[in-house]
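Not measured: the values here are computed from a predicted model.
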Amino acid sequence: MSTILDELKVANHNLNKNNTGDLHIDNMTDSFGKEIFREVMKQIENGAKLDDEYKKC
């Protein structure tokens, strides 16, 4: 079970990963991080707390 905070850490990691030099891979990790961040923000806007269970949309 992961929490909202855990997923924020995953999103942050993927958005701030070192560049690999491969534009395709870098774009994929950025997109993955942005998608997780969007889902987490929706849950927070709907009243979820950081220690609540993350529910994948």
Side-chain angles (χ1 to χ4, degrees):
M1 172 177 112
S2 63
T3 64
I4 299 287
L5 183 59
D6 294 334
E7 292 301 316
L8 278 174
K9 290 176 185 176
V10 170
N12 183 58
H13 173 75
N14 280 286
L15 287 169
N16 294 301
K17 241 178 176 178
N18 291 334
N19 292 331
T20 63
D22 184 332
L23 186 59
H24 180 69
I25 292 174
D26 293 343
N27 284 339
M28 285 181 10
T29 58
D30 283 352
S31 294
F32 180 66
K34 288 176 186 176
E35 182 60 28
I36 293 174
F37 188 70
R38 272 191 287 273
E39 290 180 12
V40 166
M41 290 310 298
K42 284 180 193 174
Q43 292 182 33
I44 290 173
E45 287 171 354
N46 290 327
K49 305 279 189 258
L50 292 178
D51 59 349
D52 289 348
E53 182 179 353
Y54 172 73
K55 296 177 179 119
K56 188 166 181 159
C57 299

Name every donor-acceptor pair, under 3.5 Å, that has one atom in a side chain of residues 39-55 and the other anywhere in the protein, sequence neighbours excluded.
{"unit_1": "Glu39", "atom_1": "OE1", "unit_2": "Tyr54", "atom_2": "OH", "d": "2.5"}
{"unit_1": "Gln43", "atom_1": "OE1", "unit_2": "Lys55", "atom_2": "N", "d": "3.4"}
{"unit_1": "Gln43", "atom_1": "NE2", "unit_2": "Lys55", "atom_2": "O", "d": "2.4"}
{"unit_1": "Asn46", "atom_1": "ND2", "unit_2": "Lys42", "atom_2": "O", "d": "3.1"}
{"unit_1": "Asp52", "atom_1": "OD2", "unit_2": "Lys49", "atom_2": "N", "d": "2.8"}

Establish whether Leu15 and Ile25 are linked, either directly or via other cluster members, by ILVMFWY side-chain heavy-atom contacts under 4.5 Å. no
Under the salt bridge (charged side-chain N to carboxylate O under 4.0 Å, His left out) definition, can you give me all pairs with a residue in residues 11-38, not counting sequence neighbours? Glu35-Arg38
Can you list every side-chain hydrogen bond (donor to acceptor under 3.5 Å, both in side chains) pair that touches residues 1-13, not counting sequence neighbours? Ser2-Glu7, Thr3-Asp6, Asn12-Asn16
If you look at every heavy atom in Gly33 and Ala11, which pair is closest and at what distance? O-CB, 3.5 Å
